[in-house]
Q: 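Take a look at this one; I'll ask things after.
Atoms within a ligand are numbered from 1 in the order they appear, just like the ligands themselves. Bear in mind the structure is a predicted one, so any value in this text is a computation, not a measurement.
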Amino acid sequence: MLQTRVIPPADNAHEAPLLIKRLLLSGIRYEKTREIVYRDQMRYSYATFNERVARLANVLSAAGVKAGDTVAVMDWDSHRYLECMFAIPMIGAVLHTINIRLSAEQILYTMNHAEDKLVLVNSEFVPLYQSVASQLTTVEKTLLLTDGAEKSAELPNLVGEYESLLAGASAQYDFPDFDENSVATTFYTTGTTGNPKGVYFTHRQLVLHTLAEASVLGSLDSVRLLGTNDVYMPITPMFHVHAWGIPYVATMLGIKQVYPGRYDPELLVQLWQKEKVTFSHCVPTILQMVLNAKAGQGLDFAGWKIIIGGSALNRALYEAAKARGIQLTAAYGMSETCPLISCAHINDELLAGSEDERTTYRIKAGVPVPLVEAAIMGADGRLLPADGETQGELVLRAPWLTQGYFREPEKGAELWEHGWLHTGDVATLDDFGFIDIRDRIKDVIKTGGEWLSSLELEDLISRHPAVREVAVVGIPDPQWGERPFALLVLREGQSLDARGLKEHLKPFVEQGHINKWAIPSQIALVTDIPKTSVGKLDKKRIRLDIAQWQASGSAFLSAL
Ligand code: AMP
């Protein structure tokens, strides 16, 4: 350690720990009357919101929740969830955002592993909760969340119904100061192999993440995304990485927020129109659903700025959204990273270049945001050049990365091997500072001694006018090790076979974008591509499906 000059604070100095409560306090100073909206069910002002957070804190305390306890939520995106994102950590407890799209068995695993003590359950999930209730080892109490009029449900040790309890509680709560390194939130990775792993974030981490995210969303002129007059509606679930942390940013700035409940593309479009939404974030598959929604046909979405992350953004989707008036900006992050790591920024050099080049950069994973360090690492742990060419694993350092996996020290040590957080993504870093994600390490297709990026192939295939959706995976091949296989959903009334796809890809081979082994010799035409619990391509399921089809000689298949 360097011997720097550290001056001890005066005896009566106040250090103002970086606590989530400080984010809540500023929003209402800016805008008391701005609204927080939940579907067509509820709308109230920031003044009421602050009172409701205090009421919820009183309800939880009366139910026996103490600092250090874990309180879990099973809900769709709602004003209630937002209230929980503040009240639970602000009383010193830990918010566990349950991924309600996992299997019942995995949900049970996460609840026992996280040691949930009290669970807030949306009435829609009561049957799910009942199916695991007898095997829960730590839960002592439940609380009912409902959009309807019911005041009770068949939930064990039910404290009561949310709205009634809030109505009966005091709107005053003196939120204490405590150590900023206290854990505020926890949730589980959506990994498709093995048990989900618990990540966790402290107050300090979330506050720093919020400040950095606000500065990036509001200050980069080339992609100015979120200012105080915007209207925010999340379209990535609040249970997954705090809806990318943006509810904390929006609340800090007093921005109007619209919560859409369960994602129904028709309702999303209606809310966008009615509430004049200008800013959202989502994964590519959800955007595709919004673009296809009946309610949106013929509508001009001009003025809607959307961050796309969670999966690669391909050029076809970027152009399709642009043609409908939507400004897309790519960003990158993961469960382990809170999540914000990088976001597109078009700098002076790129501004002087061509529109085509700018698009190429807008759809990459972006430039690491302030306070984030990104590097490319070889298998031997050495850092590799950031020359836009050399591929290796993307590794990260930042003040808001999970410091391990909850109660799994060995997996945590693997995540942090060599003192950098390992993303499991193969990437390059270039001169403009951009991260270009080539693939997940486990999804790279190893064919004839070459590494082939499934993401790049998906991007090129998606440019075929007949293709609506595409997933590419490597499948075992006795001669080449692996060969690429493409799963396609075609646009209505269109047709394409393996030969047609080859014709489409040939020019990219001739121009040197891909080598000739990248052309899939077999494809499958399907009506739907399997997705994970957060709407990403489920490549593990896809590989299993393909193996089955190949064994049974399925009619979906088309070969060269
Ligand atoms: P998760 O932890 O489920 O949020 O998944 C994180 C993973 O999503 C990353 O490790 C990447 O593989 C992928 N991902 C996220 N953002 C992007 C992006 N902009 N481009 C490509 N892949 C992305």
Q: Does ligand 1 have an atom that lies less than 4.0 angstrom from a heavy atom of G333?
A: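 Yes, that is the case, since the closest heavy atom of the residue is under 4.0 Å from the ligand.
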
Q: Within ligand 1, which atoms have a heavy atom of A331 less than 4.0 Å away?
A: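 So the answer, numbered in order with elements, is 16 (N), 18 (C), 19 (N).
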
Q: Taking the six-membered ring for Trp, are the ring centroids of F432 and Y361 within less than 6.0 Å of each other?
A: yes

Q: Give the atom numbers and elements of ligand 1 that come within less than 4.0 Å of a heavy atom of S335.
A: 1 (P), 2 (O), 3 (O), 4 (O)

Q: For the CD atom on E389, are there more than 12 heavy atoms of other groups (residues, nucleotides or ligands in this structure) within a distance under 6.0 Å?
A: no

Q: Against heavy atoms of A312, which atoms of ligand 1 measure under 4.0 Å?
A: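 That gives atoms 20 (N), 21 (C), 22 (N) of ligand 1.
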
Q: Any non-hydrogen atom of S311 lying under 4.0 Å from ligand 1?
A: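 Under 4.0 Å: yes for S311.
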
Q: Considering heavy atoms of the protein only, find what lies nearest to atom 17 (C) of ligand 1 and give residue, atom and distance to 0.1 Å.
A: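 Going atom by atom, the protein heavy atom closest to atom 17 (C) of ligand 1 ends up being Y332 CD1, 3.5 Å.
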
Q: Other residues, nucleotides and ligands only: do more than 12 of their heavy atoms fall within 6.0 Å of NZ on K516?
A: no

Q: D425 near ligand 1, heavy-atom distance under 4.0 Å?
A: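 Per 4.0 Å heavy-atom rule, D425 contacts ligand 1.
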
Q: Going by distance alone, is a donor N or O of one side chain under 3.5 Å from an acceptor N or O of the other, for H96 and Y188?
A: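 Y188 and H96 do not have a side-chain donor-acceptor pair below 3.5 Å.
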
Q: Between ligand 1 and G310, is the shortest N or O to N or O distance under 3.5 Å?
A: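 It does: an N or O of G310 is found under 3.5 Å from an N or O of ligand 1.
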
Q: Note the single closest protein heavy atom to atom 6 (C) of ligand 1, along with its residue, its atom name and the distance in Å.
A: M334 CB, 3.3 Å

Q: If we only consider heavy atoms of A330, is any one of them less than 4.0 Å away from an atom in ligand 1?
A: no

Q: Near H240, which atoms of ligand 1 are under 4.0 Å from a heavy atom of that residue?
A: 1 (P), 3 (O), 4 (O)

Q: Could you find the nearest protein heavy atom to atom 1 (P) of ligand 1 and give me its residue, atom name and distance?
A: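 Scanning the protein heavy atoms, the shortest distance from atom 1 (P) of ligand 1 goes to K536 NZ, 3.3 Å.
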
Q: With the threshold set at under 4.0 angstrom, would you say K364 reaches ligand 1 through any of its heavy atoms?
A: no

Q: How about CD on E355, more than 12 heavy atoms from neighbouring residues, nucleotides or ligands closer than 6.0 Å, or not?
A: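 For E355, atom CD is crowded (more than 12 foreign heavy atoms under 6.0 Å).
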
Q: Are any of the side-chain nitrogens in R438 or D436 under 4.0 Å away from the carboxylate oxygens of its partner?
A: yes

Q: Work out which heavy atom in I376 is nearest to a heavy atom in Q391; give both atom names and the distance.
A: CG2-C, 3.9 Å

Q: Can you find a pair of side-chain heavy atoms, one from V290 and one from W304, that are under 4.5 Å apart?
A: yes

Q: About how many Å separate CD1 of I435 and CD1 of I341, when rounded to the nearest 0.5 Å?
A: 7.5 Å

